[in-house]
Engineer: 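Once you've had a glance at the structure underneath, I'll fire off some questions.
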Amino acid sequence: MGLALRQARLAVLHDDVPIGAVVLGADGSVLASAGNERELHDDPTAHAEIVALRRAARALGAWRLDGCTLVVTLEPCTMCAGALVAARVGRVVFGAFDPKAGAVASLFDVVRDTRLNHRPQVVSGVRAGECSALLDGFFSGRR
């Protein structure tokens, strides 16, 4: 989560919401990391999770991320939760809950929906206070 928090802080440098993500291989090695890049690339799909998943797939040379873990500072939204399922990620670890858009626990539970073909393990609330504080600080400066 420390590396994900560092990526989140870097996202602020290009005026993106400070969310960071890291993909770990089955052996625990870092395959990829990213922060939000929506503002940087004018791309609504450039959430930290999506960017990190794309980079990890390139690093592995395969779209299936079986056995991999995605660590992210904020609970994934529906788009990112769907991408986790599609990529066959084995585990998702997130920091802060997202009561407005969270699709892993708060509003929806996309990743554990029994109607889908893959269900990653979920670990929530890791360093949640730090993750929330980073987001709160970013948005308080904009209000």
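All values reported here derive from a predicted model rather than from experimental measurement.
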Engineer: Any side-chain to backbone donor/acceptor pair from N36 onto A48? Under 3.5 Å, distance only.
Structural biologist: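 Judged by distance alone, yes, a pair lies under 3.5 Å.
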
Engineer: Around R127, counting heavy atoms of other residues, nucleotides and ligands shown, do more than 12 lie under 6.0 Å from its CZ?
Structural biologist: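 Atom CZ in R127 is packed in, count exceeds 12.
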
Engineer: Determine the minimum heavy-atom distance between C131 and T73, stating which atoms define it.
Structural biologist: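 It is CB-O, 3.2 Å.
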
Engineer: Is D98 paired with K100 through a side-chain N to carboxylate O contact shorter than 4.0 Å?
Structural biologist: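 Between D98 and K100 there is no salt bridge, as every charged N stays at least 4.0 Å from the carboxylate O atoms.
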
Engineer: Would you mind listing every ring-ring contact (aromatic ring centres under 6.0 Å, His included) that reaches into residues 84-103, with sequence neighbours excluded?
Structural biologist: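 Residue pairs passing ring-ring contact (aromatic ring centres under 6.0 Å, His included), neighbours aside: F94-F97.
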
Engineer: With a 3.5 Å distance limit and no angle check, can you tell me whether D16 reaches the backbone of R38 through a side-chain donor-acceptor pair?
Structural biologist: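 The answer is yes, because a donor-acceptor pair under 3.5 Å joins these two groups.
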
Engineer: State whether the side chain of R112 and the backbone N or O of V110 hold a donor-acceptor pair below 3.5 Å, judged by distance alone.
Structural biologist: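 No: the side chain of R112 does not pair with the backbone of V110.
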
Engineer: In terms of side-chain geometry, is the basic nitrogen of R55 or E37 positioned less than 4.0 Å from the acidic oxygen of its partner?
Structural biologist: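 Salt bridge flag = yes for E37 with R55.
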
Engineer: Less than 4.5 Å apart, any side-chain heavy atom of V123 and any of V92?
Structural biologist: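 Sidechains of V92 and V123: no contact.
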
Engineer: With sequence neighbours excluded, what pairs up with L31 under the side-chain contact (heavy atoms from CB on, under 4.5 Å) test?
Structural biologist: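 Partners of L31 under the side-chain contact (heavy atoms from CB on, under 4.5 Å) test: V23, S29, A56, L60, C68.
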
Engineer: Against L24, only a single residue in L70, T69, L65 fulfils side-chain contact (heavy atoms from CB on, under 4.5 Å); can you say which?
Structural biologist: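 The residue from L70, T69, L65 that satisfies side-chain contact (heavy atoms from CB on, under 4.5 Å) with L24 turns out to be T69.
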
Engineer: How would you list, by chain and number, every residue that makes a side-chain contact (heavy atoms from CB on, under 4.5 Å) with R54, sequence neighbours excluded?
Structural biologist: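 In terms of side-chain contact (heavy atoms from CB on, under 4.5 Å), with neighbours along the sequence ignored, R54 is linked to D43, T45, I50, R58.
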
Engineer: When you measure from the side chain of S132 to the backbone of G129, do you find a donor-acceptor pair of N or O atoms at a distance under 3.5 Å?
Structural biologist: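 Between the backbone of G129 and the side chain of S132 there is no qualifying donor-acceptor contact (under 3.5 Å).
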
Engineer: Hey, does V89 have a side-chain heavy atom less than 4.5 Å from the side chain of L53?
Structural biologist: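 Heavy-atom side-chain distance check passes, below 4.5 Å.
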
Engineer: For V104, does its backbone N or O pair with a side-chain atom of E75 as donor and acceptor, under 3.5 Å?
Structural biologist: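 Answer holds: yes.
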
Engineer: Would you list the pairs meeting ring-ring contact (aromatic ring centres under 6.0 Å, His included) in which at least one residue belongs to residues 10-52, sequence neighbours left out?
Structural biologist: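 Residue pairs with at least one partner in residues 10-52: there are none.
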
Engineer: Residues sharing V51's hydrophobic cluster, by side-chain heavy-atom contacts under 4.5 Å among ILVMFWY, directly or via others?
Structural biologist: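 None; V51 is a cluster of one.
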
Engineer: The criterion is side-chain hydrogen bond (donor to acceptor under 3.5 Å, both in side chains); which residues satisfy it with T114, sequence neighbours excluded?
Structural biologist: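 None.
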
